[in-house]
Visitor: 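The following block contains the structure, expressed as C-alpha cells.
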Number of protein chains: 2
Amino acid sequence: MVDQSPVDGTYRADGTAPLSKTRSTLTDQIWQQLRNDVLSGRQSPGKRLRLDALKEEYGVGFSTLREALWRLSAEGLVVSNSRKGFQVSPVLRDELIDMTRLRILLEQMALDEAIQNGNDEWEARLLSTFHRLSKYKQTDGQPWDHWHKTFHNDLVWPCRSPVLQQLRNQLHDHSRRYRHAVRNDPNRDDLGEHRALLDACLERNAQKAKALMAQHLQLTTDLVLASFDR
Amino acid sequence: MVDQSPVDGTYRADGTAPLSKTRSTLTDQIWQQLRNDVLSGRQSPGKRLRLDALKEEYGVGFSTLREALWRLSAEGLVVSNSRKGFQVSPVLRDELIDMTRLRILLEQMALDEAIQNGNDEWEARLLSTFHRLSKYKQTDGQPWDHWHKTFHNDLVWPCRSPVLQQLRNQLHDHSRRYRHAVRNDPNRDDLGEHRALLDACLERNAQKAKALMAQHLQLTTDLVLASFDR
DNA sequence: AGGTCTTGTTTTTTCGAAAAAAACTCGCCA
DNA sequence: TGGCGAGTTTTTTTCGAAAAAACAAGACCT
C-alpha cells in the first residue's frame with residue numbers, strides 16, 4: 001500500500017517533479033505521467049495501449065513503460081490482458097455505484113475521527129486550502145483537481161489512520177476517472193457544497209458534516225450516472 | 001483494482017499454475033511466486049531484495065523481476081527506494097493495529113450484507129469449505145492459508161460489492177504477513193472460532209456473527225502484538 | 001578523531017535487439 | 001458465403017549489455 005499522491009504534495013502546473021537530492025527514476029516519472037493521463041481522461045477508458053505508440057508518445061524504452069504499466073495495473077487503472085498488451089481500465093456503471101457507496105462510508109468514518117481530533121492547525125489548513133480551491137473552477141482541470149483532492153484530504157487530516165487514508169485516496173482517484181467522463185453541470189454550486197462541509201467541520205458538527213459529505217458524493221455520482229444513461 | 005487472488009481460485013500444493021488455453025506470462029508467474037514468498041514470510045519483512053540475487057533465485061531476467069517488483073510495490077508488499085533498489089515492506093506494530101481496526105469494520109459491513117442475501121448455495125459452500133479447512137492445522141502453512149482465506153471469502157460470498165470484496169482481500173493478504181511472523185498459540189481453538197462464525201451465519205444472526213468476527217480478528221492481532229513486544 | 005576527496009567496485013536503471021505470440025491476409029475449398 | 005490454414009506482419013515479452021548511480025575503502029587534510 002504505497003501512498004499514491006505526488007511524493008511531496010506540491011503542485012506544479014507543468015507536472016514537473018520537484019528538484020530533490022536524488023533525482024527520481026524514469027519509471028517513476030512515466031508512471032506519474034501515465035497515471036495522470038489516465039485519471040484525467042486524456043487516455044480514455046477502454047483504450048488499447050500499444051507499446052510502440054507509447055514509446056513514441058512518452059519517449060522512453062519498453063522496460064520503463066512496462067514497469068509503469070504493471071504498476072498501474074496493480075492499482076486497477078490499467079488492465080493487462082495476458083500476452084495481448086494493456087488497456088486503460090474501462091468504466092462501468094455498476095462499479096461507480098458500488099464505489100460511491102464505499103466511499104461515503106469511509107469518508108464518514110474518517111470525518112468522525114477528524115472532527116474528534118481536530119485542532120487549530122486543522123482549521124487553519126482547511127481555510128487556507130479552501131481559499132485556494134475557490135480560485136479555480138472545475139473546468140480548469142488539473143489545478144482544480146489538485147486543490148479539490150487536497151481539500152478533501154485536509155477535511156480528514158486529523159484522522160490518524162494511514163490505512164483509512166490510503167483507501168480513501170485509492171477510491172478518490174478512481175472516481176476521478178468517472179468524474180472527468182462528463183461535462184460539469186453549470187448550475188451546480190460546487191464551491192458552496194465545499195464551503196458547507198468546511199463550516200460543519202469548524203462547528204465540529206459531525207452529524208451535519210457526514211450528511212453533507214454523503215450528499216456531495218452522491219450528487220456527483222448521480223450526475224455521472226445520468227450522463228451514462230444518455 | 002485487480003483481484004489479487006490466484007486467477008481461477010484453484011489450489012495446488014506445488015504452486016503450479018493451472019493449464020489454460022493461453023499460457024500466462026513469465027512476469028505473472030514470478031509476481032505470484034514472489035508475492036507468495038513475501039506473504040508467507042519466506043522473504044522476511046525488511047529484507048533487501050538485490051536484483052542479482054533474485055535473478056539467481058528465480059532464474060529470470062532483470063525486466064521480468066522489476067515488473068513483478070513494481071507490481072508488488074503498488075500493492076504495498078514491497079517498497080522501492082528510488083535508485084537504491086527494493087526491499088520487502090517492513091512490518092510495523094502501528095500498522096497492524098490500524099489495519100485490524102479497518103478490517104473489522106469492513107468484514108462486519110460485508111457480513112451484514114451477506115447474511116441479508118444469503119441463500120442455499122451459500123450454506124452449501126460454507127459447509128463444504130469449512131469441512132476442507134478442518135483437515136488442516138495452521139502449522140500446515142500454504143494449504144491452511146488457502147482454505148482459511150477461502151472460508152473467510154465464502155462467509156461474505158453473498159455480499160454483492162466487488163469493491164468491498166477487493167478491499168477485504170487487500171487487507172487480508174497484508175495481515176497474513178504479520179500472522180506468519182509468529183508461532184501460533186497451541187491452546188487457541190482456531191477451528192472452533194471458525195465453526196462459531198459458520199453457525200452464526202447459518203442461523204442468520206448478524207449481530208452474533210459480527211461480534212464473533214471482531215473477536216476473531218482481534219484475538220489474532222493481540223497474539224501477534226504480544227510477540228512483537230518480546 | 002572526524003571530515004571529505006578519489007578511485008574502484010557493486011548495484012540499479014534504461015535501452016534496444018532477439019524470441020515468442022498474436023493478429024491479420026489471402027487464397028483455397030466445400 | 002463462410003470456414004480453414006499457410007504465410008506474413010504486427011505486437012508483446014524476455015533477455016543481457018551498457019550507462020548511471022550508489023556504495024566502500026583508503027589516502028589525505030585539518
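Letters go in sequence order (proteins before strands), and every chain restarts at 1. Since we're looking at a predicted model, the values are computed, not measured.
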Visitor: Which nucleotide in the list D:dT14, C:dC15, C:dT13 gets nearest to the side chain of B:T64?
Guide: D:dT14

Visitor: How many whole angstroms separate atom CZ of A:F86 from atom P of D:dT11?
Guide: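 Taking CZ of A:F86 and P of D:dT11, I get 16 Å after rounding.
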
Visitor: With respect to the side chain of B:S63, which nucleotide from D:dT13, C:dT12, C:dC15 is positioned closest?
Guide: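 Selected nucleotide (nearest to the side chain): C:dC15.
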
Visitor: Taking the six-membered ring for Trp and the full ring for Phe, Tyr or His, determine whether the centres of A:F86 and A:W70 are under 6.0 Å apart.
Guide: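 Centroid distance A:F86-A:W70: below 6.0 Å, so yes.
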
Visitor: Would one find a side-chain N or O of A:R50 under 4.0 angstrom from OP1 or OP2 of D:dT11?
Guide: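 Answer is yes, contact under 4.0 Å.
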
Visitor: In whole angstroms, how far is the P atom of D:dT13 from the CD atom of B:E67?
Guide: 8 Å

Visitor: Do the ring centers of B:H194 and B:F151 come within less than 6.0 Å of each other?
Guide: yes

Visitor: Just how far, in rounded Å, is P of D:dA18 from CZ of A:F62?
Guide: 19 Å

Visitor: Nearest to the side chain of A:R23, which nucleotide is it out of D:dT13, D:dA21, D:dC15?
Guide: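 The answer is D:dA21, which lies nearest to the side chain.
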
Visitor: B:R66 has a side chain; which of C:dT13, C:dA17, C:dC15 sits nearest to it?
Guide: C:dT13

Visitor: Provide the closest heavy-atom pair for B:V60 versus B:K55 in the form atom of the first, atom of the second, distance.
Guide: O-CG, 3.0 Å

Visitor: Can you find a side chain N or O atom of A:R48 that sits less than 4.0 Å from OP1 or OP2 on D:dT12?
Guide: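 Answer is yes, contact under 4.0 Å.
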
Visitor: Under the salt bridge (Lys or Arg N to Asp or Glu O under 4.0 Å) test against A:D173, which residue among A:R179, A:K149, A:R103 passes?
Guide: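 Testing A:D173 for a salt bridge (Lys or Arg N to Asp or Glu O under 4.0 Å) against A:R179, A:K149, A:R103 leaves exactly one candidate, A:K149.
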
Visitor: Rounded to whole Å, please give me the gap between CG in B:L65 and P in D:dC15.
Guide: 9 Å

Visitor: Which nucleotide, D:dC15, D:dG16, C:dG16, lies nearest any side-chain atom of B:L26?
Guide: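 When the side chain of B:L26 is considered, D:dC15 is the closest of D:dC15, D:dG16, C:dG16.
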
Visitor: Out of C:dA22, C:dC15, C:dT12, which nucleotide sits closest to the side chain of A:K84?
Guide: C:dA22

